[in-house]
Engineer: 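Below is a structure I'd like to ask you about.
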Amino acid sequence: MNRRKFLQSGTSAVIGALAASRLAFGADAEIVLSPSQPGELISPHIYGHFIEHLGGVIYDGVWVGPDSRIPNVNGIRKQFVDDMKRIGAPNLRWPGGCFADGYHWRDGIGKSSSRPRTYNFWQRRMPAGTDSTETNQFGIHEFIQLCRLIGAEPYVAANVGSSTPSEFHDWVSYCNAPAGTLSLADERAANGDPQPFNIQYWGVGNESWGCGGMMRPEEYATKYRQFVTQFPNYKEPFLVATGPRGHSADGDIGWTTGFFEGMRGFELPNGFSIHFYTDLRQTPLKAADFNQPEWYEVMLRGVRIDKVIESHWQEMGKVDTKRRTKLIVDEWGVWYKPGEELAPNYILSQPITLRDAVHTGLTFDIFNRHADKIAMANVAQTINCIHSLFLAHGPQFVRTPLYYVFEMYRSHMEARQVPVANPVAELNVPVLAGEGRLPGLSASASIRDRKLAVTFTNPSTQSPLKVRLRLAGGARATGARGTVLANEEMRATNTFADPETVALAPLAVKASGDAMELTLPKQAVALVQCDLS
Ligand code: AHR
């Protein structure tokens, strides 16, 4: 059914003002782009990653061990490295998550056979009879090797909840001091890495309101200052303070108020973390099998992040009047209730469908539009956990549908925002509690070296959208090409047996002068690229 027929059927959608005007090629909407008025630089780190010692993430997902028959680079799963390189993964957050505030970095260095077996925070979530003893085979050296193989910046979350400032500072010195200076640096060299790791991004704890120490925001502000005041400054750091649980009913705005008030008069952090899960754990929704209202429920809860970002940013500005501190959305994704794990001990893993990919497109467009506020974001988590790009189990490995959204959106990395006038009106959609309103079309655009990238997400499960793109300011498009991720079946997924059901396909784009025309399928994410003359 095309969108006009869908409208006539009266089931839900409304196209805005432009539906009435007669557009060339019978377009439902004309989107106007203004590449001659570029805006903020979109940080490449918005397309970042996160891996934690949890379930099947590190052990099996990332680390298979050097003696494994699974192809690996010194123990690191080769396919994971290759695919992360392919999407230009800009950073990697590690070792947690909740695991970080129980982690002691010395357990993960030295000869692998001598490393201790230690307690892992996630043990208490493991099914009865299973074990998640931390073997410490993957420590800071292995993590840095992984980052170097991928070409990703390391982002290390330090233990604040069960550690001390001096343990933190020793770790920083171990990582960043030049060999031949401190004993800690010589120890690193003796452990195989003479070159400093030059880690810039340090998270000062994780979820300090919860698993990271159950603190009040003003208590955490004090801790934060203690942990950073004597920071060994070998590499100019980018320090990230623990922020709110953004998906709480009230967005947890009180955490932001309390932390920033507690920091009044002191140097503010470079980054302030915010976690935002599209959290469906308390709902009946399943990851793999769902109906239309359940599709829209995910979209509706997901786009809430837009207002949550805005409200915390406003709150931060009451103290941070010079805007030193940027937002770091270092955990985000759709999180379903347990019951569909890849394997019982791969806790927090879940199937990923086209629905999650479309949610990802909506989220990335929101991040792009907030490029002035967001310095980094990290999907939770990259492999075998929650909103994953990959699922792996022994020799089996698959790219989930949302991997392809990362592949398309990498075009925006380090490009400048291009203003988009998008007149498509909201959709009224069926959701769990009756009706909700969603963007009828989500779009964001950017430009780098006269190359324009426009991404679109059509969240409708019923209606394709004919779009005419018009370039304002005299620009003309050459060499336009389109790519799309779509499927007739909204529950479409990729499995080990059938890994390419949802994959990228070419999308026809007709370019002429200052205009481009395309038809966006229903339930789809698309990319249009062209050169500007
Ligand atoms: O990503 C899984 C967990 O979710 C992380 O460990 C924690 O930070 C968050 O609550």
Side-chain angles (χ1 to χ4, degrees), residues 48-59 61-62 91-103 119-126 132 134 138 143 155-163 201-215 217 220 240-249 251-252 255 271-282 287 301-302 305 308 327-342 345-350 352 356 359-360 363 376-391 400 402:
H49 293 271
F50 170 35
I51 50 171
E52 177 171 8
H53 290 244
L54 184 177
V57 178
I58 298 292
Y59 300 112
V62 174
N91 63 58
L92 199 47
R93 177 177 184 242
W94 172 85
C98 292
F99 177 82
D101 283 288
Y103 183 60
Y119 179 74
N120 181 316
F121 167 86
W122 292 101
Q123 176 67 47
R124 62 188 187 160
R125 293 275 202 101
M126 293 290 281
S132 77
E134 176 55 49
F138 191 87
F143 172 64
Y155 170 23
V156 175
N159 179 349
V160 169
S162 66
S163 176
Y201 294 95
W202 292 94
V204 185
N206 169 72
E207 297 195 348
S208 305
W209 38 264
C211 62
M214 295 274 195
M215 290 177 240
Y220 172 70
V240 181
T242 295
R245 184 178 189 264
H247 51 285
S248 303
D252 202 8
W255 178 272
F272 183 58
S273 138
I274 181 166
H275 289 180
F276 186 94
Y277 284 101
T278 301
D279 188 358
L280 298 145
R281 284 173 293 170
Q282 306 306 323
R301 289 184 187 224
I305 196 172
V308 170
L327 279 169
I328 308 289
V329 191
D330 55 15
E331 291 187 29
W332 69 270
V334 186
W335 194 341
Y336 301 98
K337 64 182 173 149
E340 297 171 84
E341 291 80 3
L342 193 55
N345 53 341
Y346 285 38
I347 52 169
L348 276 55
S349 63
Q350 60 192 25
I352 301 293
D356 305 303
H359 169 285
T360 303
T363 304
M376 184 187 282
N378 311 79
V379 66
Q381 299 186 11
T382 305
I383 184 164
N384 283 353
C385 184
I386 313 178
H387 200 72
S388 298
L389 286 78
F390 310 106
L391 296 176
T400 73
L402 66 86

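Each ligand, and each atom within it, is numbered from 1 in the order the structure gives. Since the structure is predicted, the reported quantities are computational estimates derived from the model, not experimental observations.
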Engineer: I'd like to know if the side chain of Glu340 and the backbone of Gln350 have a donor-acceptor N/O pair within less than 3.5 Å.
Structural biologist: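 Not confirmed, Glu340 side chain does not pair with Gln350 backbone.
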Engineer: For a quick test of reading the model, state the closest non-hydrogen atom pair linking Val57 to Glu52 and the distance between them.
Structural biologist: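 Nearest heavy atoms, Val57 then Glu52: CB-O, 3.1 Å.
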Engineer: Would you please write out the protein residues whose heavy atoms approach any atom of ligand 1 to under 4.0 angstrom, listed by chain and number?
Structural biologist: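 Its neighbours under 4.0 Å (heavy atoms only) are Phe50, Glu52, Gly97, Cys98, Trp122, Asn206, Glu207, His275, Tyr277, Glu331, Trp335, Leu348, Gln381, Ile386, given by chain and number.
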Engineer: Side chains of Ser132 and Gln123: any donor to acceptor distance under 3.5 Å?
Structural biologist: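 On atom types as modelled, these side chains qualify, holding a pair under 3.5 Å.
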Engineer: I'd like to know whether the aromatic ring centres of Phe276 and Trp332 sit less than 6.0 Å apart in this structure.
Structural biologist: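 They do not qualify: ring centres at least 6.0 Å apart.
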Engineer: For the residue pair Tyr103 and Trp94, is the inter-centroid distance of their aromatic rings smaller than 6.0 Å?
Structural biologist: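 Ring centroids of Tyr103 and Trp94 are less than 6.0 Å from each other.
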Engineer: Under 6.0 Å between ring centres, would you say that holds for His387 and Tyr277?
Structural biologist: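 No, they do not, as the ring centres are separated by 6.0 Å or more.
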